[in-house]
Amino acid sequence: MSTKEDYENSRLYRIRHSAAHVMAEAVLEMFPDAQIAIGPSIEDGFYYDFDLPRTLTPDDLETIENRMKELIKAKEDFVREEVSAAEAKEIFKDQKYKLELIEGLESGQEDEDGNPTDQKVPMTIYRSGQFVDLCRGPHVENTSEINPHAIKLLNVAGAYWRGDEHRPMLQRIYGTAWETKDELKDYLWKLEEAKKRDHRKLGKELDLFSSNDEVGQGLILWHPNGGMVRHQIERYWDDKHIANGYDLVYTPHIGKASLWETSGHLGFYKENMYSPIVIEDQEYFIKPMNCPFHLHIYKSQLRSYRDLPLRFAEKGTVYRYERSGVLHGLMRVRGFTQDDAHHFCRPDQMPDEIDFTLNFSIDMLKAFGFTDFQAYLSTKPEKSVGDEQMWHDAEAALEDTLKRMNVPYEIDEGGGAFYGPKIDLKVRDALGREWQLSTIQFDFNEPERFDLTYIGEDGKEHRPYMVHRALLGSMERFFGVLIEHYAGAFPVWLAPKQVMLIPIADRHNGYAHDVAARLKKAGLRVSVDDGSDRMNAKIRNAQKQKYPYMLVIGDREMEDKQVALRRRNGDNPGAMSVDDFLAIALDEIERKV
RNA sequence: GCCGGCGUAGCUCAAUGGUAGAGCAACCGCCUUGUAAGUGGUAGGUUAUGGGUUCGAUUCCCAUCGUCGGCUCCA
């Protein structure tokens, strides 16, 4: 895997950045009064932000793309020039966003994209054809290095100037660029493939879940098929937790305002919480997190150092206000169930506890078929509680674990929660996309606020350390990721329906039902298609529903007391005894393949 | 929340300023079938909701709701 720096030094990066300039040139030809903002390379492509007199249409994109191809063929050189602030201001005198960037550069506080920096960047411009941009580069030497058959404009979207919602909304054109036509083709294929795997589409096709106008946005209805997958996930999860020193707990969905005062949520998290409900003159809030309840379970009795670590786990359903525009299928919802747990331990146990948690997390994700992980260590944010030393120690402890366990990680400076630093784990799915699932978070805040203690060896009260963690993240998001990872073809152990029996003619129905009963008794999830369709149609339907096993039953099978196995991947092992099939199925379930 | 697109039958999608159409699914038949769609028929829509323009709106305009692509924010 190449790093970010490698990418920034790559030819592809220069090609994309240069393509962004060419695009801006084409747009400026079309709209001479356009105000241009910034246009960098990004993963898989580039964009440029514009302030235009009217909104762009898909037709405009085609026009712009065609013009770009002409400009590329014009073989224009990219010419770099270093300029003074005054010269820059003269060149960009009609470009208000550029002038703003120039001021930032001049102050030495910002780079040419307006990001804070502590080193003063020399002011440079790049010219290509009629176009000139304030830009650090680098670029290709000449537009001819951009392959006109390997670029494509993808879509237009709104984007705030400098990503700030209080500033003007600009129009952003996204494009992609590659070195060769084939690479572009591969990329577009990947986009198509991603569309096919979209969990929202598969959720409908496989009848897994839905959401509904009348219920409310961001609130998920799990249908029987989705419910079965979830049940299997949860069953495995429960067993694993019990086997690994966790206690399962259950807590209510609402709690009194004073609870959330104590926890600090009303101080730090209120904008994500729903309005209170009033019961007998007392305000109650729907929980956005489970921790305060778990803390009270801890506090329900005196704890000895011998009791620690304590691990309370709960699949706790929480509700958070999310702005309507951010909701997305199962990935971002307003009501979700976290696979939550809180660990309480002595300070000396903390390193082991973190090691354990990260290990457990990775094992859990591996069981579901994820093998490629990337960790992010998030450090102290601006708004935070706890003293510097605690933060430093905790961050060091987390980092030590990552190093010990050899998990590749990046530091997300200032990305921690207000109450402590955290490790987030992202998994890479079958298409190479990253999803954030696990999070392991230190908490300096709540043990203090709730005055948690344990009695130490010395007979005195001590403050325990606390870790929050969610491994799958939330059942909703995890399910969404699972659907996309497997394109709906879940491993047998998770598949909502495992076996479809396909009698060829009506006279085989009785035997098919007998076989079904036998398989059900062995614990398999079995259906019988005893309708009047032809066998071919029955197979097609079962394939589309992604049944892992189809068992065809005709005269021969009935005669020999067998079943003819067909797998959803098209493999056709043929006739075998019911016991042989059962052995295969149960083995694959056991091995989670 | 913001910018832009979209909302027609359970699903996928047509069509038009003048009574809304197909395929699949559903239902009722016929066929009794050997590894991805046998066949005939029936039924199904106040064109998301509420206003407005118009002789007439599903089509044009506005608002609301939902949804999609992004931005910002996150499990």
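Every chain is numbered from 1, with letters handed out A, B, ... down the list of sequences. Everything quoted here is computed from the prediction, not taken from an experiment.
Spacing of P atoms, B/A37 relative to B/C31, comes out at 22 Å, to the nearest Å. Taking atom P in both B/C13 and B/G51, one finds a spacing of 30 Å when rounded to whole Å. Here, B/A26 and B/G10 have their C1' atoms 8 Å apart, quoted to the whole Å. Taking the C1' atom of each, B/G29 and B/U8 are spaced 31 Å apart, rounded to whole Å. With both ends at atom P, the span from B/C30 to B/U12 equals 33 Å, rounded to whole Å. Separation of the C1' atoms belonging to B/U58 and B/G21 is 13 Å when rounded to the nearest angstrom. Straight-line distance between the C1' atoms of B/U42 and B/U59: roughly 31 Å, to the nearest whole Å. Comparing B/A48 with B/C6, their P atoms are spaced 13 Å from each other, to the whole Å.
Residue contacts shown for A/Thr55 are limited to sugar-phosphate atoms, with no base heavy atom under 4.0 Å away. Using a 4.0 Å heavy-atom cutoff across all strands shown, A/Gly473 reaches sugar-phosphate atoms only and no base atom. Counting any heavy atom pair closer than 4.0 Å across all strands shown, A/Ala542 reaches no nucleic acid atom. If you check every strand for non-hydrogen atoms under 4.0 Å, A/Ala537 touches sugar and phosphate atoms only. Contacts of A/Val333 with the nucleic acid, taken as non-hydrogen atoms under 4.0 Å apart, include base atoms. Within the nucleic acid shown, A/Leu437 comes within 4.0 Å of sugar-phosphate atoms alone, with no base atom in reach, counting heavy atoms only. Among the atoms of the strands shown, none is found under 4.0 Å from any heavy atom of A/Asn541. Using a 4.0 Å heavy-atom distance criterion, A/Asn155 is classed as a sugar-phosphate-only contact. Residue contacts for A/Gly163: at a heavy-atom cut-off of 4.0 Å it reaches the sugar-phosphate backbone alone, with no base atom in range. The residue A/Ser532 sits close to a base: some heavy atom pair falls under 4.0 Å.
Here the two rings, on A/Tyr549 and A/Phe581, have centers that are under 6.0 Å apart.
Each of B/G34, B/U32, B/C71 was ranked by its minimum atom distance to the side chain of A/Met535; first place goes to B/G34. Distances were taken from every side-chain heavy atom of A/Arg334 (C-beta onward) to each of B/G1, B/G70, B/A36; the shortest belongs to B/G1. When distances run from any side-chain atom of A/Arg566 to the nucleotides B/A36, B/C3, B/G34, the shortest one goes to B/A36. Of the candidate nucleotides B/A75, B/C31, B/C3, B/C3 has the atom lying nearest to any side-chain atom of A/Met169. Across B/A37, B/A75, B/C71, the shortest atom-to-atom separation from the side chain of A/Val326 is found for B/C71. Of the candidates B/C71, B/G34, B/A75, the closest approach to any side-chain atom of A/Glu322 belongs to B/A75. When each of B/U33, B/C71, B/G69 is scored by its nearest atom to the side-chain atoms of A/Arg534, the top-ranked nucleotide is B/U33. For A/Gln217, counting side-chain heavy atoms from C-beta on, the closest listed nucleotide (B/G38, B/A75, B/G66) is B/G66. Side-chain proximity of A/Arg332 to B/C31, B/C71, B/C74: nearest is B/C74. With B/C74, B/C2, B/U32 as the choices, the nucleotide that has an atom nearest any side-chain atom of A/Asp506 turns out to be B/U32.
You won't find any donor-acceptor pair under 3.5 Å spanning the side chain of A/Arg162 and the base of B/C71, going by distance alone. A donor-acceptor contact under 3.5 angstrom links the side-chain atoms of A/Arg323 to the base of B/U72. Remark: the A/Asn536 side chain and the B/U35 base include no donor-acceptor N/O pair separated by less than 3.5 Å. Evaluation of atom-type donor-acceptor distances gives a pair under 3.5 Å for the side chain of A/Glu557 against the base of B/G34.
Taking atom CG of residue A/Asp555 and atom C1' of nucleotide B/G34, one finds them 10 Å apart after rounding to whole Å. Rounded to whole Å, the distance from CZ on A/Arg540 to C1' on B/A37 is 5 Å. Atom C1' of nucleotide B/C73 and atom CE of A/Met331 are separated by 17 Å, given to the nearest angstrom. Rounded to whole angstrom, the span from the NE2 atom of A/His199 across to the P atom of B/U67 amounts to 12 Å. When the C1' atom of B/A37 is taken as reference, atom NZ of A/Lys538 falls 14 Å away, rounded to whole Å. The nearest whole Å value for the distance from the NZ atom in A/Lys204 to the C1' atom in B/C13 is 12 Å. A/Gln545 places its CD atom 11 Å from the C1' atom of B/A25, with the value rounded to the nearest Å. For A/Asp51 and B/C71, the CG to P distance is 18 Å, given to the nearest whole Å.
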**Message:** Under the criterion side-chain contact (heavy atoms from CB on, under 4.5 Å), I'd like the reasoning laid out for A/His199 against A/Met331: C-alpha separation, chi angles, the key distance, then a yes or no.
**Reply:** CA-CA 9 Å; A/His199 70 283; A/Met331 303 301 191; 3.6 Å; yes
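A salt bridge is absent between A/Arg320 and A/Glu476: the closest approach of a Lys/Arg side-chain nitrogen to an acidic carboxylate oxygen does not fall below 4.0 angstrom. Salt bridge A/Arg54/A/Asp60: present, at least one basic N to carboxylate O contact under 4.0 Å. Using a 4.0 Å cut-off between charged nitrogen and carboxylate oxygen, A/Asp164 and A/Arg167 count as a salt-bridge pair. Comment: A/Lys196 engages A/Glu193 in a salt bridge, judged by a side-chain N to carboxylate O separation of less than 4.0 angstrom.
For the pair A/Ile539 and A/Asp164, both in contact range of RNA chain B, the more 5′-proximal nearest nucleotide belongs to A/Ile539. For the pair A/Gly574 and A/Gly218, both in contact range of RNA chain B, the more 5′-proximal nearest nucleotide belongs to A/Gly574.
Using a 30° and 60° split on the angle between ring planes, A/Phe356 and A/Tyr246 fall in the tilted class, from 30° to 60°. Ring-plane geometry between A/His294 and A/His342 is classed as perpendicular, the angle between the planes exceeding 60 degrees on a 0 to 90 degree scale with a lower cut at 30.
Contact detail for A/Trp237 and A/Asp340: the closest heavy-atom pair is CH2-O, 4.1 Å.
For the pair A/Lys422 and B/A75, the criterion of a side-chain N or O lying under 4.0 Å from OP1 or OP2 is met. Under 4.0 angstrom from either OP1 or OP2 of B/A75 there lies no side-chain N or O belonging to A/Thr439. Side-chain nitrogen and oxygen atoms of A/His328 include at least one within less than 4.0 Å of the OP1 or OP2 phosphate oxygen of B/G69.
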**Message:** Let me check I have this right: for RNA chain B, each base becomes ., (, ), [, ] or |, based on Watson-Crick or G-U pairs with both distances under 3.5 Å. What is the full string?
**Reply:** (((((((..((((....[..)))).(((((.......))))).....(((((..]....))))))))))))....
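Tested against A/His485 for a ring pair (Phe, Tyr, Trp, His ring centres under 6.0 Å), the candidates A/Trp435, A/Phe370, A/Phe479, A/Phe478 yield a single pass: A/Phe370.
B/G70 has no stacking from A/Tyr174 on its base ring, since the centres under 5.5 angstrom apart and planes within 30 degrees of parallel are not both found.
Counting heavy atoms of neighbouring residues, nucleotides and ligands inside a 6.0 Å radius, atom NZ of A/Lys240 does not exceed 12 of them.
Residues A/Gln35 and A/Lys98 fail the side-chain proximity criterion, which asks for heavy atoms closer than 4.5 Å.
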